[in-house]
Each structure stands twice: as C-alpha cells, then as structure tokens.
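So the structure is just underneath, and the comments pick up after that.
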Protein chains: 2
Amino acid sequence: MSKKTRVTIKTVAADAGVSVSAVSKVLRNAYGVSESLRENVQASIAKLGYRPNTAARAMRGKTYTIGVLVSDLANPFVPDLIYGIREAAEGAGYRIMIGVGRADRANELDLANSMLDQQMDGLVLIGPHMSADEIMRFGVQMPTTCVAYHADEATSFDTINADDVRGARLAVDHLIAAGHQRISMVTLDQFKSPENHVYYHREQGYRASMSAAGLDQYIDVHHLSDPIRRTNDWAHKYLQSSDLPTAVFCWSDLDAIQLMSAARQIGKDLPQELSIVGFDNSSVGELLQLGLTSVSQSALDLGNVAAETLVSRINGRTSAVHTLLKTELVARTSVMTMTPS
Amino acid sequence: MSKKTRVTIKTVAADAGVSVSAVSKVLRNAYGVSESLRENVQASIAKLGYRPNTAARAMRGKTYTIGVLVSDLANPFVPDLIYGIREAAEGAGYRIMIGVGRADRANELDLANSMLDQQMDGLVLIGPHMSADEIMRFGVQMPTTCVAYHADEATSFDTINADDVRGARLAVDHLIAAGHQRISMVTLDQFKSPENHVYYHREQGYRASMSAAGLDQYIDVHHLSDPIRRTNDWAHKYLQSSDLPTAVFCWSDLDAIQLMSAARQIGKDLPQELSIVGFDNSSVGELLQLGLTSVSQSALDLGNVAAETLVSRINGRTSAVHTLLKTELVARTSVMTMTPS
DNA sequence: CGTTCTACGTGTATCGTTATACAGATTGTT
DNA sequence: AACAATCTGTATAACGATACACGTAGAACG
C-alpha cells in the first residue's frame, strides 16, 4: 500500500513550475489561465498521470459522481436501465456509482444516506421502497430523481416512468381486440403505499380497459407475494384450476415467462389454450424466443431521461419534473385470435 | 440544496459542549474519553442525527467502502455474486459501491482508477478484462481481489474462482458416463490472454476429460464471439447441420438455455435428440424449469469468500491468496442416457 | 503621461475529519 | 509533602482540493 508515490495537485504544480491554484484552475476550466500555462500544466498532468482526488474534491466542490440506488438487481430490466443512466451521465461529465439495497425501507434509507455522506452530486432511485415523504426529505438535501416510482405531486424530487396505465391498457385492449373476454391479471402484493408502485398503475390500466369494454364481471386479479421464487409454484397450481380464463396479462415479463414455462411443462398448448401478455419487453424474453407479446418500455430511454433530468436539477432547476414515457405494444405469437363463435 | 442544515462534527461538539476532538474520539472509539463524556456525545449524535462525512473521512482515515467493479451486469450470475460480496462485507463493517464497466480494458482501467480516487479501502474485480500486469499495478496501490479471473502467479492481488477445470470435467464425465461419445463444447472467443478467463479453463477441463476417455477424435469446440446476441442465430444454424453430436457442453447456462430454446423451437425432441449441460446452475435456469443439468458454483459463496479475502488484505495481509471453490454437478433432465447399442 | 481596465497568476482560508502533541486535573508513591 | 504517573480533554496541523481576494503587468484611454 505504498502511498508515498501518490501524485497530488502539488506534485503537478511543482513539476509545471506554477502555483497550486493555477493547476486547479486548469482542472476546472476556470477563467484566468493563459493558453501556454494551460498547455504546460496539462503536459505535466499527462506526464505524471495525475488524477484529482475525488474525496478531497468533495469537500469544497463537486464529486462529478451520481449515485444510483437499486433494490432489486435480479430483475433483468435493471441492467438496461443502468446502462441508459450511465450513457447520459457520462455524456454530461458524470460517473455513476451503484448501491444495492435489500428491497426494504430501512436499508434503502441507510444506503441513500451513505451516498449523501459521500457527497455525491445527485441520486437516482430505481423503484425505491421508501415513502414519498422520506424521499422528499432527501430531495431537499440533494438532487434526486426516481425511476419506476410514481409520485406526481412530489415537489422536491423528479420522477421518470413509463406510462404504466396506458401500457397496461394497450396490453388488455390488444387481448380484447383479439376476441378475449375472460382476461385475468397477475401482479404483486401491494403492502404499503401502493399508489407509488408501477404494478399498481398497471392494475389500474387493466381495470380501466376491462370496464371500458364492459367486462367488469371478468375482472380477476392475482396478487403474488414473492416476486421471484413463488411464481413457479403458483403457476403450476393455477394452471390446474378448472375455470382458467382465456388470457392472462402479467405485470412483468418475468412472471409471464414463468407462466409460459409452467404451461408448456404440463403440456398446455400455447397460445391455443392460454394467451399471455407481459410487460417490459425484456431482453430475457427475446433471448428465449418464446414469442411473448409484451408492452415495451425502453429501459435505455428511461435511464437516459432520468440522468438528463437529474443533471438539469444539479445545474440548478428547482421545480419538479414528472415525466411519463411512451409505451408500445410488441405483438408476437403468445396471443391467440379468437374466432367469433 | 440547502446545505445550511447539514450537521457536522462541529455541530455535535457545540451541542454536547465539548471539543471537536472529543467527538472524533468517541466516533473512533479512541482512547482518552470518560464514560460520561462518551454518553453525552452519543446522546447529541442521536439527537441531531449526525452522520460522519465520508468524503472528509477519506482524506485522513479510511472510508469503510469497498468498490466492486463489474463489467457485464447482464449475466444473471453477477447479481448473486454481488449479494454474496455485500453480505460478507457488511459483516466486517464495510459497505460496497458498484461500478459498471463496458467490458473493455480502457474503460475498466478508468473505472478502477476512479475508485482509487475515491479512496476506497479495497477493490473487488469481477471477471475483469485487464491483463494480470495491469491488475498487479493496482494491487500495489490498494487491496485488490478478483473473482472469475485466474492468475495463480499474481503476487499483489488475490483471486477467487470456482474450480473451473474440475467443474467442466464433472460435466463432461457425466455425459460420458451416460454413454455419450460425440460431445461438443460451446464457449467464447478468446481474443487475448485466454489463460485468465474462466471459459478457457472450462475448455481445458473438457479436453482433459475427452482425452482421458479416449475420445480425442470427437473433440469439437465452437467459439462464439458475442456472448449474448449471437448465440440464438448461431444455435439455429448449428442445429440444422447434418452431423450434430449427441451432446453439447456449454460454458455457461446462458448459452445452454438459448440452445435449448432454439432446439425446441425448431421441433427437436430434447433430450432424446440432443443432451445439454450448462455451467453456473444459474437462477434463470431454474426459473424457466427447463430441467437443465448444470455445474453449480455457488455465487453467494464466491462472493463471501472474495469479500473475506479482501478484508483480510485490508487488515494487513501482504502475501497473495488464490482460492478455488468446489463445483458440483446438478443433474436434471437435459441429459439422455444412451442405451448401449 | 497618469489613470483605469483587463488578463493572468498567486496566496490563503476553508471544507469535515483524524491524529498528534500537549495542558490540567486527579491519583498514587515514597 | 513533593514528585511521578495516569487519565481526560483541548488545541492544532495536516489531508487534497477549491474559490475568493488580491497583486502585478501590460494595454487602452482621455
């Protein structure tokens, strides 16, 4: 751990034969340096391989670092989102640093605080489990943007979401247009402040479309508790039941894929016996070539917009922005068109 | 961004009616504080909700932060690994911070440097694309541990791996025991310094087992270039060829799953027409209920050991440690037992 | 030709924390 | 009673950068 050789701004200044302040000015592109001095200093920087110490920077200025708080890394949607955030962040001169939570409030709060302690310039929260009030308190202390979290009324932070209601309506309307009436929905358990969660909004969309088509009597929502592990067991049981609907709309591809797998496994003929639509149009879905019809929300776009929004707030915007991005139906082969009987 | 309300060590000192140094001593559990003063200060800390500024700490002491550098977030193996690292790190009082690379040398180098700049206490590299020499240079500057990267001879950093050679042998021997002879392997393109990559070691295992069984004539390795996107196309083409082997060993579940999907899609009868074994025993594989036989390397364990190893180095160990973890075959239904003809 | 600008550099206080040196109070030893 | 030893708390100098207030020199101006 030889620290003796660490190159600091002082080393550079000495090497270039100028003051520390001058080097700092060059680093920050500040006003008041001649072209020759700048070149001189930059040559020294390159020669010595100097890199400014972020920790020291953090004490007076900015860190040029954006914290990204993720609670569920296992969701295949998240990596794409992160790539999107990084892309836009780097374009604006920021790097990102990811913290992984445990999908519980306390832990997320702690992590977000720790990012505050590290003097990050801003924070992106992905599908946080905190309440809007808690996030509000954060937003006052540092620029904050949430993705996959609905809070239209929040003033101290921004939100970027896919238009989940409309996305769900696209999915359900697609099924209705294909002649389905008995359409069920699979979604997650909503323990607390459901209105913030994306799946709540998707359920609203489902209900709206069903009602609009006069299918209230067929509204049937299944709430799963464990997002990952339980779906398979549930699917097997569910598929055995005697009064299956003709179509199922799943809040996420992850569940839709498991439902499809389970159906195939017990010998169901898809999509003849059951039509399925997912949400996310995730890359895993495509990878598996299952032909899953899904609602596409571009994770890359969401990430891009989130980063841009955050940067604009870092740069001084104080009014909140709440953006909904367009969703789109990607029709594949998992939906069967009913012949009118 | 009202900074006015930020509680610092000064605020605490004032509130408790003691000096800043006294508070610092309490924070660090340093020698020279009376029980009463300690309690007094701790009360103030709790009352004010004070949290030490990590950035400021970084300038003199440690940050209690471990950087984790990931190049491919899309690989479903990575999240589990990260959870493992976090678990052990938190147990030792460290938090982790994740940086996402772009799977190219330059970008990774840059990221690792940026973690250095942030004065992190140590670094875990997951499947880095840098050369052992480059990592060696890092290891001199800060405690470094690599996961999924073989470099037995490295002195300035540690490596934690599954026993890839033995794991591959388990897989291939399993196929041989089931009566297969024409066994092919699917792996990745090895552009540079292959001996560091896990898939190179798995290929060595494959070759060793084939040779040991006198099946040299059937050795047949397919190198794919793009880990994610191309596999599907390749699989479709491959499955049409006239002289398919009876079994395929895939370097990773990700490819095995795609191969299975493609085979099903074109109507192949599995496992009768083709036996498939993967590697990783990834959760996605289980999720899809494909019955994929796979070699299990516990990502959680790997992460745990990696974090423990790193912490021990942070605490002063200077000699390098290179650990191989046990692999295990998880037999499911994707392998067909040949009846001797 | 003296005064005012402007451009360029430097000196220095400062951020929040840690670590060392030291001062004062208390206790112990002979 | 004098002196040493210990214990408790404070003052202060870093750490590596930034940002502000200046000083200086040459140019521009009337």
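Chain identifiers are assigned alphabetically (A, B, ...) following the order of the sequence lines, protein sequences preceding nucleic acid strands; residue numbering begins at 1 within each chain. Worth saying up front: this structure is predicted, and the values here are computed from it rather than measured.
Here the C1' atom of nucleotide D:dG16 and the CZ atom of A:R6 are 9 Å apart, to the nearest Å. In this structure, the CD atom of A:E35 is 14 Å from the C1' atom of C:dA7, given to the nearest Å. Rounded to a whole Å, the CD atom of A:Q118 is 15 Å from the C1' atom of C:dT17. To the nearest angstrom, C1' of D:dT10 lies 13 Å from CD1 of B:I9. Distance CD (B:E39) to P (D:dT8): 13 Å, rounded to an integer number of Å. Atom pair B:R51:CZ and C:dG16:P shows a separation of 16 Å (rounding to whole Å applied). Atom pair B:K62:NZ and C:dG16:P shows a separation of 24 Å (rounding to whole Å applied). Remark: P of D:dA14 and CG of A:N53 are 18 Å apart, rounded to the nearest angstrom.
Residues in residues 9-24 of chain A take part in these salt bridge (charged side-chain N to carboxylate O under 4.0 Å, His left out) pairs, two or more places apart or across chains: A:D15-A:K47. Pairs of residues two or more places apart, or lying in two chains, that qualify as salt bridge (charged side-chain N to carboxylate O under 4.0 Å, His left out) and include a residue from residues 73-92 of chain A are A:E90-B:R102.
Evaluation of the ring-ring contact (aromatic ring centres under 6.0 Å, His included) rule for B:Y94 yields B:Y64 as partners, not counting sequence neighbours.
A close approach under 4.0 Å does occur between a side-chain nitrogen or oxygen of A:S34 and OP1 or OP2 of C:dG9. For D:dA17, the OP1/OP2 oxygens have no side-chain nitrogen or oxygen of A:S24 closer than 4.0 Å. Side-chain nitrogen and oxygen atoms of A:R57 include at least one within less than 4.0 Å of the OP1 or OP2 phosphate oxygen of D:dT18. Look at A:R28 and you'll find a side-chain N or O under 4.0 angstrom from OP1 or OP2 of D:dA19. In this structure, B:Y31 reaches the D:dC7 phosphate: one of its side-chain N or O atoms is under 4.0 Å from OP1 or OP2.
DNA chain D is contacted by both B:A56 and B:S36; B:S36 maps to the nucleotide lying nearer its 5′ end (nearest heavy atom per residue).
Using a 4.0 Å cut-off between charged nitrogen and carboxylate oxygen, A:D110 and A:R105 do not count as a salt-bridge pair. A salt bridge links A:D158 with A:R317: the distance from a Lys NZ or Arg NE/NH1/NH2 to an Asp or Glu carboxylate oxygen falls below 4.0 Å.
At least one side-chain heavy atom of B:I126 sits less than 4.5 Å from a side-chain heavy atom of B:L81.
Between A:H322 and A:F157, the angle of the ring planes goes over 60°, which puts this pair in the perpendicular group of the 30/60° scheme.
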Which pairs, protein N/O on one side and nucleotides 10-12 of chain C N/O on the other, fall under 3.5 Å?
unit_1 : atom_1 : unit_2 : atom_2 : d
C:dT10 : OP2    : A:S19  : N      : 3.1
C:dT10 : OP2    : A:S19  : OG     : 2.9
C:dG11 : N7     : A:S21  : OG     : 2.9
C:dG11 : O6     : A:S21  : OG     : 3.0
C:dT12 : O4     : A:S21  : OG     : 3.4

Which atoms of nucleotides 25-27 of chain C (N or O only) lie under 3.5 Å from a protein N or O atom, and what are those distances?
none

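A donor-acceptor pair under 3.5 Å is absent between the side-chain atoms of B:Y83 and the main chain of B:G303, judged by distance alone. When atom types are taken as modelled, the side chain of A:R57 and the backbone of A:N53 share no donor-acceptor pair closer than 3.5 angstrom. The backbone N or O of B:I66 lies less than 3.5 Å from no partner atom in the side chain of B:D121, so there is not a single donor-acceptor pair.
Summary for the helix from C:dC1-D:dG30 to C:dT30-D:dA1: the axes at its two ends, each from 5 pairs, differ by 50° when rounded to the nearest 10 degrees.
In the model, A:T309 has no side-chain atom that pairs as donor or acceptor with a side-chain atom of A:R313 under 3.5 Å. Defined by atom type and a distance below 3.5 Å, a donor-acceptor pair is missing between the side-chain atoms of B:R38 and B:S34.
With hydrogens and angles left out, the side chain of B:R60 and the base of D:dA14 share a donor-acceptor pair within 3.5 Å.
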